[in-house]
Each structure stands twice: as structure tokens, then as C-alpha cells.
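For reference, the structure discussed in these notes is given below.
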Amino acid sequence: MTQWVYLFSEGSKEQKGLLGGKGANLAEMTKLGLPVPTGFTVTTDACLCYLNQGNVLTEEMKGQIIQAVDQLAEKTQKAFGDAENPLLVSVRSGSKFSMPGMMDTVLNLGLNDQTVETLARNSQNERFAYDCYRRLLQMFGDVVMGIDNQKFESRITALKKVHQLEFDNELTAEHWKQIVTEYKEIYRQNIQREFPQDPIEQLYLAIEAVFGSWNNQRAKTYRRLHDISDDLGTAVNIQEMVFGNFGETSGTGVVFSRNPSTGEPGLFGEYLINAQGEDVVAGVRTPKPIQTLADDLPEQYQQLKTICENLEKHYKDMQDVEFTIEREKLFILQTRNGKRTSKATITILLDMFNEGLITEDELVMRLEAKDLEASLHPSFQEETLKNRVPFLTGLAASPGAAVGAAYFTADSATLAKARGEKVILVREETSPEDIEGIAVSEAVVTARGGMTSHAAVVARGMGICSVVGCEALTMEEDQGIVGGETIQEGTILSVDGTTGSVYFGEISLEELSNTVALDDLHEIWDRHAKFQVRANAETPKDIETAMALGATGIGLARTEHMFFEKSRLLQFRRLILADSLNERLEVLKHLKQVQKDDFKFIYQAAQGKATTIRLLDPPLHEFLPKNNDECREVAKDLGKTFNEVKRKTDNLAETNPMLGFRGLRLGVAYPEIYQMQGEAIIEAAYEVMNEQGYEIQPEIMIPFTIDAEEFARVRESIETAIQTSLAQYEQEINYQIGTMIEIPRACLVADQIAKYADFFSFGTNDLTQMVLGLSRDDSPRIVTQYLEAGIMQDDPFQVLDEDGVGAMMKIAIEKGRQVKPDLKIGICGEAAAHPKSIAFLNQLPINYISCSPFRIPQAKMTLAQHGV
Ligand code: PEP
Ligand code: MG
């Protein structure tokens, strides 16, 4: 017989797959002796079986459920439908992975026309009892019977209007009785049936509804967005009800054991006195910050604090805890690892490591790529912000900054996004139906709800900036009103989720946010990493970013990238279109100064760290005029005739420029160009060493080598020029001249090349292009087809092709090191930084990889994880 049902006292936290996250943790807390209301879990296997068998609960399942209900009755001394002591339960979903708001909850199950009377008598509070009953009718109607919740809500709104009341808690027992009658009528009208009075029937229907909700659209969308398998199913937790709406010594809330936005230690959360479960998260009443519970109910606050601390120690992670206080008695309804911002993740892990709660290895392994990516969220430029006044403020629910056009519904946001707009979703509050709209938005702003409201939790989880609970905002159908101002659809807003401010118009974004926490991590990562991570960067700004993000040096400064700017482009064109050596030398004299300044900036920004400067590798077509109009323009700029420019351009035109006049082929034909660059590199290094005191050992890199003799000649010509430069200085400069290995032949003759080269750096962009015979510029169409057909598993320009390119690299490494056992070997093609590539490269005896600045933290983290 399969065990479909587990009492909380039977399970443990290891059984998340079978009992769901919530069920497993309730069992664990029961085992720890915490005040958890008694209950049981119907397993995820039961859900899958139910769904597979045409949505029926088998007799075996029903039997086990009844047995568990009996045990619950025995423990609580209550029974379903009992005239003296009626058992009331909550029914909640809980899958292996937390899916907030995705699945459904029913509270107060077990109430009916009789037991509501008993509850009123026992609690001596008729208002409370009927409020509970109407909640059951409403939740059951909505969740189990699929009746539109608005139909229920509108009755409450209407009643409040009639009696000129503002809040639900101003409604009396008589009001709730009237609502109960009206709700029953809604049942009759909508499903042509009475609300079921038998608690067991209520229970079966609720369990079936939870199982069924695994396949509702919201749940499916959430799983798709979060890469959660459809085959897991959800468990159902049935638990004795405890009441937070029992008067002023009762309440309910949600707390985090640390601040989920910033990671700061200490309880963080919200609660409401005299309220039930969903009130806090639904954002209907604005909850109070948890710290004030210390005044309202000091003993329970202390107890809660201690429990949270203990849970954190037990789970070795920040906890998100739901609690209820029923007439001064504290109950824990749920604990789970809390969702948090990426910034908070890093802070929390570092703090827990420093507190001795987790080991260094655990710290390294527990960070995820998404945390790092998101920790690099943009913020607004401080200078610009100083002069701006927010027109709206709310709770800073999820950090980051974003600019976009306001849209008021998930659908209109999705459509606007599809049109290419950046979108800010502005709503009264959000619900799970809005998930797709949130996912496409740059930011989410809501008028109501607290830090644990749906909008706040979901946006934080997705790393989307969010401001919630903007009290001054009133939402109407097609506009938002704030004082005298209105937000129309399409109004441009700037949203700061770190401070909780919303501005009209666009504010410039700064790309880098806080990297302070990363500094500590780099030290730890470096200890575990087998090789270094350098940056592909050449502009001072990119190099500064790279250094801030932990680059151990510059692995590739592409000098041709320094010529795209307009005035330089002109000089460069003058160089390649020059008719004579003299004309070229003239241009080079000017360019040398320009390049020297460039290199000085690079050295300064690199702060003395290793710096590899690659000599010109221009696929020439990128610099040539593209058509007659451009030829005419260039002719005018350069003081040449159209025919001269046209003839020269035509002469230089190539059918396949990527395999044409590139790299050191240029150095062979026009040695003076590489000589100029060599001199500029050395002279700039000398000047920065003198001015800044950095120790600089320039690494000069020659691209596109195919042959030892070819490389040796070019090297010699550069060295001759360098020696002339050096003669002017007293101080020696240690420089190296190495080569890129990016052509298959270079791999196969790497031993010969290594005799002359001081280092190797694999250019896997070109190497992939040539090993696969797949043009880097034209590959996407082909690769997409191959991926769809399952011929390729990954785009080889993103993930290193281990079997082909990787095998070629192994040959080159082996041959190179045969000649020079200490030969420095790096990889500067972008694919090297992909986590999958790193898994492969980690097995090779290389010294470094090099990638674009924003990929550095993730590459270092992955590398460290392989080192644990
Ligand atoms: C390469 O080919 O991998 C490389 C780094 O050089 P580029 O992309 O500039 O050709
Ligand atoms: Mg290349």
C-alpha cells in the first residue's frame, strides 16, 4: 500500500520532494518541538496520481485522509462538525519549490451553519465567528468552485457604502451574517448548488482543488519563468486552524530572520493585530513593522525572535516565517528559506560565514549566478538625482533603478514590451495573474500593500525594481492620481526601488551599483580558483569597471577598437588609404601620440595589473567606405579625389575579409604600423611607471599567427623599433611579445611558434569560426537551426566546443609547453567565461581566461565552485 498521507510528526525537512517545501518544514518544526498547529500532509505523489487518473481521489487516498483526520481529532480533542468542539482546518498547497501565491489556500474549513454557532458561543464573539464563516465561503467559492472573487468582494464594498464605513473591521456581526446569506445566494446563482455543509466533503473538494491548481495558468507561467518542472506536483497541508482575528491579543504576520532587501541582521517583517492569514500578504490593510510587536505583545515578540534565530541556525539560512498569535499563544505556521534580493544574498552569506554559521566552502557553493548578475543592477546617477524631487514615495521593496513608460494592466504592459518599449507596471496591487506583466516590466509600482505583498515578493525574486504601498496614489481605470498630478498610460517614470521614490520623466542610469560586498568575495574566490580571470577591455571606463568587478588584469585590449571614434576613424582611413610609405609615416607619427595616450590611460586604469595589448587586427572592411556616397565623403575629409579613394577602396576590398588582410598579415606588409604600436606601448609604460610608480610589464600580443617564421619576422621588426625607443631611457622595461592562437594551423605548429613567443592566448572566437568552418558573423541562423534540430546542444560561440575547439587547444597547449614548460597560456575568446566552458577549462593547465567586464564575477564564482 502506498503511503499517501503523512502526519507532521512523521516527516522531515529532507522530504521536500514528497511532502513539498511547506509540508517538509512543518514536519521538521514539529520534530524540533516548535509550536506548530497539528496537521498532516497529502503527498505530491498523491497529486500526480490524482492528475493522471482523470482527477479522482482514490478510495485508498480517501481512507488515509479520514484516518489522519481522526488522529488530528484525537490530538486536538476536537472533531469535524462537533457540536461542542468543532475541528477547523486550513488547507494549503506546497510544492517542492516555493511558488508564492501561485497555488491556493482555504482557511476555516469545517465551518457550516451549525459549527459557526458553536464557534460564536465558544469564542463569545459572534462577529468573529461569522467573519470566519464568510471567509470560508469566499475562499472556498473562489478557489474551489472557481467563482470570481470580485462577486464576493463587491458585496462587502456595497455594504460598507450603505453604512458609510471605510474598513472591513468596522463591520458588525449582523453585517457579516448578512454577507454570509448573500454569499450563499452567490453559490446558488453561480454553481446551482448549496455550499457543502459536510466538512469531509469540504475537505475532499479543497484537496482536489489544490491538486488541480497545479495546472492552472498562473502556476504554469510561474514554473516556466522559474524553470521548475511540470512533473513535480503539489502536496496539500491540512492543519488545525489557529486564529489571529480573535481580538486585540491575537494577530498574524510574516517575518524574515534578516532583512530580505539589504541582508542586514535582525528581524524584519510585518504583522496585523486582529487579522487572519491572507490579510497581511493581500495588502488590504497596511501592516505594522514587526518591531512594534515588542510593545503590543512583548512576550510573544521575544519568543518569536528566539524561534527565528534557532530556525536560522538549524537551516543555516535566512528564514521567512509565518506566525499567528491566538489569544497570546504564538504558533508558527510556516518556515522556508526566505527569498531575498541579490545584494541581500551576498551580505547574508558573508555575514553567516563571519558568524561561523556556514563554512567558506558553503559560502562559495551557495552563491548563484543570478545573484551576481542582479547585484550589478543599475542605480540613478547621484548628481542628477540631487536636483530631482519624487512626486510619489512608497516602500523600497526591491532595489535597483529603472526608467520606462507607465502601464496599468499586465496585458497592456506585455503588449507595450512587445512593441519594444520599456515598461513600468503601475497598479493598485498585484496578484498572481499579473505575473507575466511583472516579468516584462523594468519596475513595479503599487498603491497598496507592504514589504511582503505579492508585488514586493515577486519583484524581489525576479530582481525587478519595485516600490509598493504608495499611499498617495489612487488608481482609476485609465489613470493614476497623485495629488494634483496624473499618470497616464505611456507617461515616462523613473523608479528607484532602493529608496522607494518615483519621479516623473527620465533620470540617467548609472551602470554599476554596490560592489563593496563583492570585494570580500573576490578574495575568497581567488583562494579557490585554479586560474585567473582577466578582462577584455580597452576604454578607461570599461577597465575601471573590470577592476571594480575583480579583474586580475587585462587579457585583451583590442587596439582597433580605439579607432572607431570619428576623428580617429578619419586618421585610420588616411592610414589604410595612404599611397606611399611617406604618407603612412606621416599619419603614424600623429597616431603614435594618440596611441601612447590611450595606453597610458589603460595602464593607469589597470593600476599596475597585468596588461595585454593586442596589436591591430582590423578586418579592414570594417573601416573602409561602404558605398560611393561614403567614398565621396571620405575623399572630401582626406583631401583626395573621389576616384583615388574609390580605386584604393576597390583594391583593398576582399571577398572574405574575415580570412583576409588581418592581424600580423598587416604587420608583414606594413611593418611600420606594428612598430609604431610597439614603441607607443613601451613609451607609455615607461611614462606611467615614472609618473605613477606602478611596476608595468607590458604584454604585446600579435594576432592571427599561422607560422613560426611569420611570427619571428614580425617580432623582430617590432623589437628593433622598441630597442630604439628604449635607448632613450635609463630604466629597463620587462616586456613580453606573445601571440594569439586562433587559427587551426597555429595549434598544430604551436611547438614551433612557442620558440619565439613569450605567451599564448587562445582566440576562441576565430578558432571556433575556423575549426567549425562557421562564419562568426553569419552563424546565428545556422546555429539556431542546429540547436532546434538537436544537432548542437549549445551555440559554440557561447559555450566552448569541447570536442573540436577544445581538442585543438589541448594539442596547442601540449606542444607549446613541450618547448617552454612555463609558457603562459590564456584564453581571451568570450566563450571561455561561460560556466559550461569553465567546467571544461578547469581541467586544462592554463593561467587565465579573459572576458568582458560584467561577466567577471560570475566567471570567478564558477571557477571557485570548481575549486571547492
Ligand atoms: C578571438 O578571435 O577569439 C579574439 C579574442 O579576437 P577577436 O574577437 O578580436 O577576433
Ligand atoms: Mg580573433
Side-chain angles (χ1 to χ4, degrees), residues 533-539 542 546 551 553-564 572 602 611-623 654 656-667 674 677 699-706 710-711 714 738-747 750 753 757 759-780 795-802 804-806 808-809 812-813 824-834 837-838 840-841 844 846-853 855-856 859:
V533 181
R534 294 192 186 184
N536 293 348
E538 49 278 326
T539 66
D542 284 354
I554 305 297
L556 174 65
R558 294 174 162 107
T559 51
E560 66 278 4
H561 282 193
M562 298 166 181
F563 292 94
F564 286 134
F572 197 73
I602 291 182
T611 303
T612 309
I613 298 175
R614 184 179 73 183
L615 303 187
L616 277 170
D617 177 22
L620 279 188
H621 69 292
E622 287 180 18
F623 295 91
E654 293 171 315
N656 198 344
M658 268 295 183
L659 298 180
F661 202 39
R662 284 183 64 186
L664 82 176
R665 295 169 190 180
L666 197 75
Y674 275 9
Q677 288 197 297
E699 295 169 6
I700 300 170
M701 184 152 78
I702 297 175
F704 233 61
T705 303
I706 52 171
E710 172 200 39
F711 180 81
V714 172
T739 181
M740 292 197 67
I741 301 286
E742 50 186 343
I743 296 179
R745 187 175 196 279
C747 295
I753 297 174
F759 62 87
F760 281 179
S761 177
F762 287 100
T764 51
N765 302 336
D766 276 309
L767 193 57
T768 301
Q769 163 166 264
M770 286 182 242
V771 168
L772 277 76
L774 187 60
S775 154
R776 27 193 298 199
D777 294 333
D778 304 316
S779 67
D795 177 347
F797 290 99
Q798 282 179 36
V799 177
L800 207 107
D801 160 43
E802 208 177 304
V805 178
M808 199 60 111
M809 288 167 63
I813 295 171
K824 184 164 50 189
I825 297 178
I827 300 164
C828 60
E830 205 55 48
H834 193 284
S837 310
I838 289 179
F840 165 66
L841 294 173
L844 302 186
I846 56 170
N847 300 91
Y848 67 88
I849 60 168
S850 190
C851 58
S852 53
R855 303 185 70 189
I856 292 170

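Computed over heavy atoms, backbone and side chain alike; hydrogens, waters and symmetry mates excluded. Ligands are counted one by one from 1 in listed order, and the atoms in each one are counted from 1 as well.
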| field | Test side chain to side chain contact (heavy atoms under 4.5 Å, CB included) applied to I849 and L800, T764, L841, the passing residue | value | L841
| request: Mind checking how many protein N/O/S atoms fall short of 2.8 Å from the Mg ion (ligand 2)? | output: 2
| request: Measure the spacing between CE of M740 and CZ of F704 and express it to the nearest 0.5 Å. | output: 9.5 Å
| field | Distance in Å, R745 CZ paired with I706 CD1, rounded so as to fall on 0.5 Å steps | value | 6.5 Å
| query | How long is the gap from CG on D801 to CG on D795, to the nearest 0.5 Å? | reply | 11.0 Å
What short N/O contacts, under 3.5 Å, does ligand 1 make with the protein, listed by atom pair and distance?
residue  : atom   : partner : partner atom : Å
ligand 1 : 2 (O)  : E742    : OE1          : 3.0
ligand 1 : 2 (O)  : D766    : N            : 3.0
ligand 1 : 2 (O)  : D766    : OD2          : 3.0
ligand 1 : 3 (O)  : G763    : O            : 3.4
ligand 1 : 3 (O)  : T764    : N            : 3.0
ligand 1 : 3 (O)  : N765    : N            : 2.6
ligand 1 : 3 (O)  : N765    : ND2          : 3.3
ligand 1 : 6 (O)  : R614    : NH1          : 2.9
ligand 1 : 8 (O)  : R558    : NH2          : 2.8
ligand 1 : 8 (O)  : N765    : ND2          : 2.9
ligand 1 : 8 (O)  : R776    : NH2          : 2.8
ligand 1 : 9 (O)  : R558    : NE           : 2.8
ligand 1 : 9 (O)  : R558    : NH2          : 3.4
ligand 1 : 9 (O)  : R614    : NH1          : 3.0
ligand 1 : 9 (O)  : R614    : NH2          : 2.8
ligand 1 : 10 (O) : R662    : NH2          : 3.3
ligand 1 : 10 (O) : D766    : OD2          : 2.9
ligand 1 : 10 (O) : R776    : NH1          : 2.8

| With A746, which residues qualify under side chain to side chain contact (heavy atoms under 4.5 Å, CB included), at least two apart? | I741, I753
| query | How many angstroms lie between CD1 in I554 and OG in S850, if you round to the nearest 0.5 Å? | reply | 7.5 Å
| query | Regarding R614 and S761, is there a side-chain donor-to-acceptor distance under 3.5 Å anywhere? | reply | no
| query | Can you list every pair that meets salt bridge (Lys or Arg N to Asp or Glu O under 4.0 Å) and has a residue in residues 760-773, with sequence neighbours left out? | reply | R662-D766, D766-R776
| query | Which value, rounded to the nearest 0.5 Å, describes the distance between L615 atom CG and I700 atom CD1? | reply | 6.5 Å
